[in-house]
Trainee: 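Take this structure first; my questions come after.
Naming convention: chains lettered A, B, ... in sequence-line order (proteins, then strands); numbering from 1 in each chain.
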Number of protein chains: 2
Amino acid sequence: MMGERASRAVLAYLKALYLLAEESSGSGVGAPPGLAQRVSTSAIAARMGVSAPSATNMLKRLAARDLVTYEPYKGGSLTQKGREVALEIVRHHRLLETYLVGALGVPWDEAHAEAEALEGDLSETLEERISAALGDPQFDPHGHPIPAKNGAMPKTSRSRRSLWDVGDGEAALIEQVPDSHPDALRYLAEVGVLPRASVTVESRGPIGGPLFVRIKDDKETAPMALSKEIAEAIWVQ
Amino acid sequence: MMGERASRAVLAYLKALYLLAEESSGSGVGAPPGLAQRVSTSAIAARMGVSAPSATNMLKRLAARDLVTYEPYKGGSLTQKGREVALEIVRHHRLLETYLVGALGVPWDEAHAEAEALEGDLSETLEERISAALGDPQFDPHGHPIPAKNGAMPKTSRSRRSLWDVGDGEAALIEQVPDSHPDALRYLAEVGVLPRASVTVESRGPIGGPLFVRIKDDKETAPMALSKEIAEAIWVQ
DNA sequence: TTTTAACCTTAGTCTTTTCTAAAACACTCT
DNA sequence: AGAGTGTTTTAGAAAAGACTAAGGTTAAAA
């Protein structure tokens with residue numbers, strides 16, 4: 001379907017580009033009108049666990065292949081072609097996570113790492129089988145949207161509000177939790193802070209102190225404490 | 001558990017070494033007493049779809065890592081360490097084939113290619129989950145033995161006799177079919193020549209001509225014709 | 001024993017992806 | 001405007017794998 005098939009490293013960079021852009025700007029309902037969000041070299045390097053020169057180098061090679069738009073000192077952004085490849089990988093990743101958790105009983109905090117190892121080698125036909133076996137799900141266990149084969153994204157709320165931004169006494173519906181912090185995820189699962197759960201923010205500690213939340217309709221148990229870092233990585237509706 | 005983790009290429013070579021040795025010498029019940037079977041450079045190159053110099057080069061690097069024993073012009077053979085790694089991959093491959101066919105409905109002729117793509121990235125814990133979900137199977141859908149975690153091989157018949165070697169009028173129990181020839185496998189599945197099936201050899205064509213076999217207890221339908229190549233790749237008990 | 005055919009290795013190159021060290025740029029603060 | 005700080009890029013090198021071309025080895029035929 002397209003030129004030379006991409007190596008594992010190329011796929012990983014494209015996915016990082018996509019996710020970093022998604023995280024920094026609401027990519028909510030439709031595709032953003034203009035070009036995709038620009039991502040800095042150092043952000044890519046940090047995400048990939050690689051030195052800055054490596055990221056620069058790869059950015060230039062991706063640009064030569066028309067997978068990203070790159071301007072020196074300005075970072076890079078996915079082209080249409082690059083976004084298509086990235087979405088394919090993201091779809092693989094999220095379908096695998098969903099399958100591993102649902103069909104093989106992998107704990108959700110381990111699913112991310114396992115899916116990452118396999119996502120690059122999933123064939124189109126196996127991808128289809130897995131999706132079908134799951135009933136073509138639209139969200140993975142962490143609440144992240146799974147792109148359709150044609151690249152369409154299930155719509156999430158436009159808000160992009162984090163749990164940290166919810167005022168004291170206010171209620172909120174958990175929409176997404178991060179997928180890549182096993183310890184935090186184990187804790188969240190334990191206390192019931194899962195996608196689609198309703199929680200109420202009770203109070204928070206002094207400066208950057210922990211946030212105290214309570215699962216809605218649970219007046220008995222003590223509220224749980226969430227660090228600012230975690231609360232900021234949880235998105236609510 | 002062991003030194004530097006092996007790259008995909010290294011794993012693929014070790015697996016090829018193992019399988020080529022297994023194919024050329026009966027590796028039936030117990031591990032062969034002496035050192036493993038030696039495999040020629042060109043056999044490896046052919047199996048890997050790589051030039052002969054590439055195979056020589058890799059053989060030397062594997063030897064430097066103590067994964068194979070290599071003597072110039074004499075080929076290479078797996079060391080104990082190398083065999084352990086190879087068995088791990090073979091286990092991954094055959095468990096994946098079994099899982100894909102059984103749990104996801106992948107046709108058995110496609111399972112080999114899919115499993116090959118994934119085998120190198122399967123984690124130990126996922127391997128365990130898959131094995132458990134299948135009830136720790138001992139054989140894959142093609143009848144190949146699945147090594148246990150400790151490297152023990154389920155025993156197969158010592159004979160190593162191919163269907164081609166079965167005399168006219170004689171009956172035989174299918175034990176293994178090849179896993180890597182989709183077209184042939186589709187045909188075999190269609191006509192019912194599967195592992196554990198009993199067949200009777202009716203006759204064969206002149207020189208290298210097709211073999212005519214009939215599923216036991218099926219006196220009605222016409223016998224099916226199998227080429228010499230296929231018949232030689234099917235092992236019976 | 002010589003010849004020959006088949007097979008194997010050496011030598012040198014290429015691509016991909018990474019690194020470190022050092023230079024160039026961008027931006028902020030005064 | 002200039003200095004300083006932090007980010008980015010250039011430069012040069014290395015490791016893993018793969019290739020072609022050319023030379024060396026083995027072993028079977030003559």
Side-chain angles (χ1 to χ4, degrees), chain A residues 2-17 20-21 24 37-78 82 85-86 89 116-117 119-121, chain B residues 2-17 20-21 24 37-78 82 85-86 89 116-117 119-121:
Chain A
M2 110 197 17
E4 329 76 60
R5 52 221 153 295
S7 71
R8 233 165 294 281
V10 165
L11 294 180
Y13 275 93
L14 293 175
K15 180 181 148 201
L17 258 310
L20 287 167
S24 77
Q37 220 48 31
R38 260 196 312 218
V39 179
S40 77
T41 303
S42 54
I44 296 165
R47 175 66 76 103
M48 294 289 302
V50 120
S51 70
S54 298
T56 296
N57 182 35
M58 182 56 99
L59 237 23
K60 291 205 282 196
R61 277 184 301 122
L62 293 175
R65 292 219 221 167
D66 250 321
L67 292 165
V68 314
T69 300
Y70 168 66
E71 230 182 323
Y73 295 100
K74 300 270 178 77
S77 64
L78 294 171
V85 177
I89 300 293
E116 195 148 76
E119 67 194 15
D121 299 295
Chain B
M2 106 198 21
E4 330 74 60
R5 53 219 152 296
S7 69
R8 236 168 293 284
V10 165
L11 295 180
Y13 274 93
L14 292 175
K15 180 182 148 200
L17 259 307
L20 286 167
S24 77
Q37 220 49 31
R38 260 198 310 220
V39 179
S40 76
T41 302
S42 55
I44 296 164
R47 175 65 75 106
M48 294 289 301
V50 123
S51 70
S54 298
T56 296
N57 183 35
M58 182 56 98
L59 238 22
K60 290 204 283 196
R61 275 182 304 124
L62 293 175
R65 291 220 223 169
D66 250 320
L67 293 165
V68 315
T69 301
Y70 168 65
E71 231 181 323
Y73 296 100
K74 299 272 175 77
S77 64
L78 293 171
V85 178
I89 300 294
E116 195 146 76
E119 68 194 14
D121 298 296

Trainee: Looking at the side chain of T41(B), which of dT20(D), dT9(C), dA18(D) is the nearest nucleotide?
Mentor: dT9(C)
Trainee: Heavy-atom nearest nucleotide on DNA chain C for Y70(B) versus R65(A): which residue maps closer to 5'?
Mentor: Y70(B)
Trainee: Below 4.0 angstrom from OP1 or OP2 of dG23(D), is there any side-chain N or O of Y73(B)?
Mentor: no
Trainee: Closest to the P53(A) side chain: dT18(C), dG17(D), dT9(D)?
Mentor: dT9(D)
Trainee: Return the nearest nucleotide to the side chain of S40(B); candidates are dG17(D), dT8(D), dC8(C).
Mentor: dC8(C)
Trainee: Under 4.0 Å between any heavy atoms, over every strand shown, what does A52(A) touch: base, sugar-phosphate, or nothing? Just pick one.
Mentor: base
Trainee: Between L59(B) and Y13(B), is a side chain to side chain contact (heavy atoms under 4.5 Å, CB included) present by the stated rule, with each step listed?
Mentor: CA-CA 9 Å; L59(B) 238 22; Y13(B) 274 93; 5.9 Å; no
Trainee: What is the separation between atom CE on M48(A) and atom P on dT17(C), rounded to the nearest whole Å?
Mentor: 10 Å
Trainee: Check this one for me: any side-chain N or O of T56(B) less than 4.0 Å away from OP1 or OP2 of dC8(C)?
Mentor: no
Trainee: Which nucleotide sits closest to the side chain of V50(A): dT20(D), dC19(C), dG17(D)?
Mentor: dC19(C)
Trainee: Heavy atoms only: give me the nearest A6(B)-L11(B) pair and the separation to one decimal.
Mentor: CB-CD2, 3.7 Å
Trainee: Quick one: R5(A) CZ to dT16(C) P, roughly how many Å, whole number?
Mentor: 12 Å
Trainee: Going from NZ on K15(A) to CD on E119(A), what distance comes out if it is rounded to the nearest 0.5 angstrom?
Mentor: 3.5 Å
Trainee: Name the residue closer to the 5' end of DNA chain C, choosing between R8(A) and P72(A) according to the nucleotide with the nearest heavy atom.
Mentor: R8(A)
Trainee: Do L78(B) and L62(B) have side chains that get closer than 4.5 Å, going by heavy atoms?
Mentor: no
Trainee: Find the distance between CD1 (I89(B)) and CZ (R8(B)) and round it off to the nearest 0.5 Å.
Mentor: 10.0 Å
Trainee: Taking the side chain as everything from C-beta on, heavy atoms only, tell me whether D121(B) gets closer than 4.5 Å to D121(A).
Mentor: yes
Trainee: Separation of L62(A) atom CG from dT18(C) atom P, in whole Å?
Mentor: 11 Å
Trainee: Please check the phosphate of dT18(C) (OP1 and OP2 only) for any side-chain N or O of S51(A) closer than 4.0 Å.
Mentor: no
Trainee: Please report, rounded to the nearest Å, how far the P atom of dT15(C) is from the CG atom of N57(A).
Mentor: 14 Å
Trainee: Just N and O in the side chain of K60(B): are any of them under 4.0 Å from OP1 or OP2 of dT10(C)?
Mentor: yes
Trainee: Taking atom P of dA26(C) as reference, at what distance in whole Å does atom CD of E71(A) sit?
Mentor: 11 Å
Trainee: Hey, does S54(A) reach any base, or is it just sugar-phosphate, or nothing, if we go heavy atoms under 4.0 Å?
Mentor: base
Trainee: I need the CG-P distance between L59(B) and dG17(D), as an integer number of Å.
Mentor: 14 Å
Trainee: Looking only at the side chain of S42(B) (C-beta and beyond, no hydrogens), which of the listed nucleotides dT9(C), dC8(C), dA16(D) gets closest?
Mentor: dC8(C)
Trainee: Under 4.0 Å: is that the gap between some side-chain N or O of Y13(B) and OP1 or OP2 of dA18(D)?
Mentor: yes
Trainee: If the cut-off is 4.0 Å, is R61(B) near the phosphate of dG17(D), judged by side-chain N/O to OP1 or OP2?
Mentor: yes
